[in-house]
Structures are given as structure tokens and as C-alpha cells.
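This report refers to the structure that appears directly beneath it.
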Amino acid sequence: MNKTANVTLTLPDGSVRTYPGPVTGSTLAADIGPGLAKAAIVIVVNGEQWDLARKIEQDSDVTIITNRDEAALEILRHDAAHILAEAVKKLYPDVQVTIGPAIDNGFYYDFARKIPFTTDDLVIIEKHMVEIIERDEDIIRSEMDRDDAIKFFRDMGEDYKAELIAAIPEGQTITLYRQGDFIDLCRGPHLPSTGRLGKDCFKLMKVAGAYWRGDSNNEMLQRIYGTAWRTKKELKAYLTRLEEAEKRDHRKIGKQMKLFHFQEEAAGMPFWHPNGWTIYQQVEAYIRRKQKKYDYQEIKTPQLVDRVLWEKSGHWEKFREHMYTTESDSRNLALKPMNCPCHVQVFNQGIVSYRDLPLRLAEFGSCHRYEPSGALHGLMRVRSFVQDDAHIFCSKDQITSETEIFCKMLMEVYEDFGFTDIKVKFSDRPEIRAGLDITWDEAENCLLEAVNSTGLDYTLNPGEGAFYGPKLEFVLTDAIGRDWQCGTLQVDFVLPERLDASYIGSDNGKHRPVMLHRAILGSFERFIGILIEEHAGRFPLWLAPTQVVVTGITSDQDDHVRKVYEQLKAAGLRAEMDLRSEKINYKIREHSHAKTPAIFVVGAREQEENTVTVRRLGSKQQQTLDLSAAINVLKLESLAPDQR
RNA sequence: GCCGCUGUAGCUCAGUGGUAGAGCGCGUCAUUGGUAAUGACGAGGCCGGAAGUUCAAUUCUUCCCAGCGGCACCA
């Protein structure tokens, strides 16, 4: 290449700068202005992020990324990971560094070390990180030959790094980054120097174990998590957000509002209390109405089923470790972990005609799964749960229309619960699966065609299908931006085959039906957990365990309070009364804390006029209404969204 | 299941090698008050379970169980 050739850089606004030879991003930024030079983080060269110090030798389209850009976050977090690694390496020379990527909201780094880190270590490491930032070391990129790099790291005693390099495909450039005397294998890019990460913009959060390369057969490494932001203010906002999320934690609210509890003797299996069960029943009644509307038939199937059926269905082979079993009458029985094989048994009774299809069988099926102890998490991951499960038995040419109808139903349900931000994922065949590849080809094509015809946007989730078929997964986003996968639709050609389901077609011949497994809420337990966190316990009236509390100003109104309470009950409202000889302030405070949506206060005046003074949760306003008017307002509002 | 941390009154938590304490809640009594805490008194604990060390264990050690934070798993 001609060394003196001009290099012309084109900026996003179309302006052009020409240099007499290779030029770095730093130089370009400085030429444009000192402000930009200071704020610049990396430069995007023809769509690829480059370090500012890297020489651009060809004419290129470039964009300078500054610390004001969202894209800066990832780079900065990645740097934070390197700084963490340098600090740890310095403080604990016996560790081996492995990998340390940027993640949502922060970064982590995995270290191989015999002794685990303690939270005290974190404080020390954090201090040392601040020192590294204050030293403001240049971060220097270099390239190295593959074999040299492997030897280089092996000689340093960094076997994990050597293993990582060995796994990089031949021919790919291996880049190293050096800051001071710390060198790490890294794709980059990085900030120009360690000082560019604000010393008060990051925080180490927690230590945890993590398997080397994410494989539970491998040894466990020590992972340190941190968070990093562009400004101190952003960091603070993030920490506040975490605190807010913690206040919504359904386990905490579940205790406060007496919704449910767990105990050792039944780990992972909720005990529903009256308040929680009220919510549960509302949700169930709602779904039952929806299913009726969409022509589902509800059934109920046994809890304990002979192992033979699970062997036939294929579940035994894949999931026996996670099934509860028992023995009785010299039969091996398993508590059902799912409902589908039982639903096929219902389908198989008698002879089904093509005229009966699609046949939609729904069950609020109570299932048990022996989940690994470490997976349990409040209501979100339990060992006993109930699904809003249903199986649609149909012919192949009904898959598309059934999918469309299901998607419509699901969207209605989510909207009624207040979730409007829904993502769809398409999961195709997993590595371990049942059925022939041609069967999978067909199932995947059918489902793809179906989802395309719904017009919904979806993303591909490769290899994440169920073992018997591909699936759509529906992910909703809650009030504080967290995603929850709830709904699912799975196309299954395998189970009908295995359990020998058939129907008589118009040609008078025997045909295999297709099974569509589908759920909208997923499990009631988990969905209610999500609702608790979504609403932070302040449920809309139709779900609230207690909808209204009536109380008097003095005990002179006790009889009247009882009458109002009776009228509320007669109106079908979930009412309570509070006759304690406490001051009104005290009672208001207490019922507000209990998140009761409405408080009716009746004093001498209200009793006289047959009115109530209404105070709604979240408002300090009060309004005096005729009793019958107040009851009507609540009655209307307490209707479920599908009943309005 | 794996790594780490935690387990004390109904709840939230303090504490100690010599068998325990606070606030809230709960009960009793007084108080009858107009929209986020009226006061006094009182009752509550096998300090997660089992072993071990010790004159003595809630405290130290080991194992188990459960919870929490991650990892892995999730039909």
C-alpha cells in the first residue's frame, strides 16, 4: 500500500475530512473540536467499532461515539470489567482470569480461584479499581499470532485464557489489550484510558458462582458482578430503581398482605391464604369465561398416573428426574408434571370425526415437578402449580386458523390484565428431541406459516423448542420494564403418534390429529406473582382481596356501619368493617397500608344523611356520596374487564 | 443440583460461651376521636434441625433442612 495515500473520512452529516495518511479517531475528534475530543469514546469505522487510537488507513465512513451515546455504555462496562480483572489480579495473584463481558446494566468477570471472594473483598477490590481509574492508564490494543498468544497466556499461568484462544477459529485476528502491566485477551474496543470510566459511576454488586463456559459439568468459577454508568446520576438512578423493584417483590408483599406462605415441609409449594386465594379465584373465573367464549371445553384429569403412560409419551425418558413418583397396588405412579398425555386419553375415548375438530380441551391442571432446589423462587418458580392449560386437537390445515384465534384470545387476556407490550419468540427444534427430522420440518413450517399469518412480529429463539415440537412464546413487559414469558403455543405431531390418537376423516379413513399445546397465563402461581409486582400490591378493584372497608368515626355509628357493610356484601362486593375503638387517623393509616382500594367512613353526619365519605387508595381526597351511589360506583368498577 | 451468604417473638431486626432484647403487631383496660400512629399495662421464643467440643452452646465445629443472591435447569 502507498504510505502517502490520502485517507478521506466521511462523517454522518456528509462532511468530509481528508488526511495525508493514516489517521486515528482521536486525531479526527480533536480536529473537529476539543469538546468532542474529550467526549469521544470509540469511532465506528464502516460499521465496525474501533479504538480511537487505532490507525484508519483507508477511506471510510465514520461516526464518533461519545459518552452521550447509548452505545457508550457497553464499552464503558466492558472497560469496567477489565479494570475489575486488573484489580483482582493485583490483589489476589493466585487467581486466573477468564471472561468478563458487559451485560444489561453492568458487567461481570469470572475468576478461577480456590477461595471464594467475600463481600469484604468487594470493598477492597472496589477501592483498588478507583486507584486504577485515577492512574488513568492508556488502554493499548495489539495483535498477536494465535500460537504466540496461547503460549503467552499459558506462560503467565492463565490456562483459561489459553483455552479461549485455542477455541477461536483459525485465521481470526487475536487482539490483546494492555492497561499498565495488565494484559487481557479481548475483542475490544475499549476506552482510550482507564480514567474515562468515572470512579463514582460504578459499583461492585455481588459475588456468585458460575460454571466455566456455562456448563454444569465444568468447574465453578467465582463471578463478581458490577454495575457501571456514564454518570454518577445514572448510577444513583439505577440503584434507586433496584430499591423500588425490591419493594414490589411479591414474596415481601405476599407476606405483608397475607396472600400466601411457604414452609419447609412443602418447599416450593405455596399455601394460599384467603386474600391470595381470592385473587386466584378471580383470575381463574376470568380465564374460564374467556375459554367458554372461545369454545373450549373444560375437563379434569387424574393427579396420579401410571408410569407406563409417561413412558409412552416420552416424558419418562426425558424428565423422570423431575417427577414425583409413588407406588401403590404394585403400580408405579407419577404425579402428573403436565396434562397433555391425560388430555390425549380423553380424546381417545370413543371415535372422533373430522367434524368434531378442532376439539379444544382445557384444564386448570394441578401439576407437580421436582424442580432443582436452587431454582425455586417464590411464586415464580414452584414445585406445585396450576396451568391454564389446553390442547387443541385439529387437522394440519387448521393449524393456521387455530393459531390466529389463539393469538387474538391471548392478546385480549393480556390487555385485560393491563399488559400491552408483548413480544413473540419462535423457538425451533432443540438438540435433544423426539420425532423424525421430516416431522420437525413440517411442524416448524406449519407454525411459521401460522405466525406469519397473524401478522405479529417475532424473533427467532434457536434450539429452544419443546422436545416434541416447535413453539411460540409470548413475553410480556411489566410496569417496571421486566420481561416475563407467560403464554405459549406449541405444535406437536409427536404425542398424537406416540399415544395413538386418531380421527376419522371425510374420506372415511383414519388420520392423526395435530396437538396444539397452549397456555396464556402459564401458571396461575407465577402469573399472580407477576400481577403482585406489576401493581405493587395495589390491585385494581376486580382483583383486590378486600375491595372496601367500612368504618365509623365513633362507636355511636357501629350499628350503622354494620348496615352499610351488609349492603355492600349484598351488592356482591368484598367488604370488611372495622369497629375497633381506634381514632379515624389510625384506621385510615392502617387500611391504606393494607392497600385497601376504598375506605367508606360514616360519622354522625353521614349516618344522618345516609351518605358515606369515600377515600380511595393513593388519594388524600375524600368525597361524600349517597350510599347507593357510592355502592354503584364500586360495583361497576369491580367488574372484570371482560364483563364491562 | 453447584458456589456463596443467611436462619433469634406473628413481622422487621439487635445481641451474647453462663438458656435473650427492641419496634411494630397481638391481648386487656382507659379513651369516642372527622381522614396516614391515643395512652397505660400485659402475654409471646426448644435462638431452623441433629450430632460434636465444653463444667456450660442460641453463640464454636460438622452434617442436614429451608430461605436469599447467582450459575445450571425449566416438558
Side-chain angles (χ1 to χ4, degrees), chain A residues 108 110 113 115-119 121 205-225 249 251-252 255-256 258 261-268 310 313-323 336-341 367 369-378 380-383 387 389 430 432-434 464-469 471 485 488 490 492 495 517 519 522-523 526 551-558 580-594 599-606 613-615 617 619-622 624:
Chain A
Y108 68 76
D110 285 349
R113 185 185 188 221
I115 317 156
F117 296 106
T118 65
T119 38
D121 290 329
M205 304 295 284
K206 53 200 170 197
V207 267
Y211 297 109
W212 167 235
R213 303 195 133 183
D215 185 337
S216 59
N217 296 313
N218 290 343
E219 64 274 32
M220 186 151 275
L221 307 173
Q222 303 299 323
R223 175 173 297 181
I224 297 178
Y225 280 96
D249 191 311
R251 295 166 297 186
K252 195 172 174 165
K255 223 178 248 176
Q256 283 166 0
K258 300 189 171 73
H261 88 268
F262 288 94
Q263 64 186 55
E264 271 194 41
E265 290 81 353
W310 304 109
S313 72
H315 289 96
W316 186 257
E317 194 190 349
K318 189 158 182 354
F319 293 110
R320 77 183 120 189
E321 297 296 318
H322 301 286
M323 285 165 74
K336 71 172 170 187
M338 53 178 347
N339 307 299
C340 26
C367 298
R369 295 179 186 174
Y370 183 69
E371 301 285 2
S373 57
L376 301 180
H377 181 94
M380 302 306 192
R381 188 80 181 267
V382 285
R383 285 179 174 157
Q387 292 170 304
D389 198 12
I432 299 168
R433 56 181 180 264
E464 295 294 317
F467 77 92
Y468 47 69
K471 60 185 181 184
Q485 195 245 298
T488 181
Q490 304 164 10
D492 184 359
L495 260 193
H517 305 245
S523 95
R526 201 169 96 101
T551 192
I553 297 290
T554 75
S555 54
D556 292 344
Q557 290 91 46
D558 282 2
R580 293 173 304 171
S581 68
E582 298 291 350
K583 288 188 176 176
I584 191 65
N585 286 300
Y586 179 89
K587 290 189 283 195
I588 293 292
R589 177 182 151 90
E590 192 163 83
H591 296 301
S592 299
H593 277 309
I599 304 170
F600 282 11
V601 177
V602 288
R605 203 165 58 234
E606 287 85 350
T613 298
V614 182
R615 181 174 167 135
L617 182 61
S619 168
K620 287 190 162 53
Q621 308 286 314
Q622 23 181 323
T624 302

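Numbered from 1 within each chain, the chains take letters A, B, ... in sequence-line order. Computed over heavy atoms, backbone and side chain alike; hydrogens, waters and symmetry mates excluded.
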What is the pairing partner of U35(B), taking Watson-Crick or G-U wobble pairs with both distances under 3.5 Å in any strand? none
In the strands shown, is G1(B) matched to any nucleotide by a Watson-Crick or G-U wobble pair with both distances under 3.5 Å, and which? C71(B)
Look at the side-chain N and O atoms of Lys258(A) and state whether any lies under 4.0 Å from the OP1 or OP2 oxygen of G10(B). no
Watson-Crick or G-U wobble partner for U53(B), using a 3.5 Å limit on both distances? none
Does U12(B) have a Watson-Crick or wobble partner in any strand here, with both distances under 3.5 angstrom, and which is it? A22(B)
Regarding Arg251(A) and Asp249(A), does a basic nitrogen lie under 4.0 Å from an acidic carboxylate oxygen? yes
Looking only at side-chain N and O atoms, does Glu606(A) offer a donor or acceptor that is under 3.5 Å from a partner on Thr613(A)? yes
Lys336(A) side-chain N/O to A75(B) phosphate OP1/OP2 under 4.0 Å: no
Under 3.5 Å for both donor-acceptor distances, Watson-Crick or wobble: does U58(B) have a partner, and if so which one? none
Short side-chain N/O contact to G1(B) OP1/OP2 from His322(A), under 4.0 Å: no
Apply side-chain contact (heavy atoms from CB on, under 4.5 Å) to the pair Glu219(A) and Tyr211(A), showing each step before the final yes or no. CA-CA 6 Å; Glu219(A) 64 274 32; Tyr211(A) 297 109; over 6 Å; no
Would you say Tyr370(A) reaches C73(B)'s phosphate, i.e. side-chain N/O to OP1/OP2 under 4.0 Å? no
Counting Watson-Crick and G-U wobble pairs only, both distances under 3.5 Å, name the nucleotide matched with G17(B), or none. none
Non-hydrogen atoms of Gln490(A) and Tyr468(A) that approach each other most closely: OE1-OH, 2.5 Å
With a 3.5 angstrom cut-off on both distances, give the Watson-Crick or G-U wobble partner of G45(B), or none if there isn't one. none
Which sits closer to the 5' end of RNA chain B, Pro372(A) or Phe467(A), going by the nucleotide each is nearest to? Pro372(A)
On the six-membered ring of Phe467(A), is Arg433(A) placed so that its NZ or CZ lies under 6.0 angstrom from the centre and within 45° of the ring axis? no
What's the separation between atom NZ in Lys587(A) and atom CZ in Arg580(A), rounded to the nearest 0.5 Å? 7.5 Å
Centroid distance under 5.5 Å and plane angle under 30°, Tyr225(A) vs G70(B): no
Between Gly268(A) and Tyr468(A), just flag the one whose closest nucleotide in RNA chain B comes earlier from the 5' side. Gly268(A)
Side-chain N or O of Lys206(A) less than 4.0 angstrom from OP1 or OP2 on G70(B)? yes
Send over the distance from Ile432(A) CD1 to C73(B) P, rounded to a whole Å. 11 Å
Please work out if Ala208(A) contacts a base, only the sugar-phosphate, or nothing of the nucleic acid, heavy-atom cut-off 4.0 Å. base
Heavy-atom nearest pair, Gln222(A) first then Pro116(A), reads OE1-CB, 3.5 Å
Starting at atom CG of Asn217(A), determine the distance to atom P of C73(B), rounded to an integer number of angstrom. 10 Å
Syn-anti status, with the boundary at 90° from 0, for the nucleotide G48(B): anti
With distance as the sole criterion, is a donor-acceptor pair present between the side chains of Ser555(A) and Asp558(A) under 3.5 Å? no
Tell me whether the side-chain N/O atoms of Arg381(A) come closer than 4.0 Å to OP1 or OP2 in C74(B). no
Whole Å only: how far is the CE atom of Met220(A) from the C1' atom of C71(B)? 5 Å
No-hydrogen, no-angle side-chain donor-acceptor test under 3.5 Å, His261(A) and Gln263(A): yes
Integer-rounded Å distance: A72(B) P and Leu221(A) CG: 11 Å
State, to 0.1 Å, how close Asp492(A) and His517(A) come at their nearest heavy-atom pair, and which atoms those are. OD2-NE2, 2.8 Å
Nucleotide N/O of nucleotides 44-48 of chain B paired with protein N/O under 3.5 Å:
none

Watson-Crick/G-U partner (both atom distances under 3.5 Å) of U6(B): A66(B)
Spell out protein contact along nucleotides 31-38 of chain B as letters: B when the base is contacted, S when just the sugar-phosphate is, - when no protein heavy atom is under 4.0 Å; keep the 5' to 3' order. BBBBBBBB
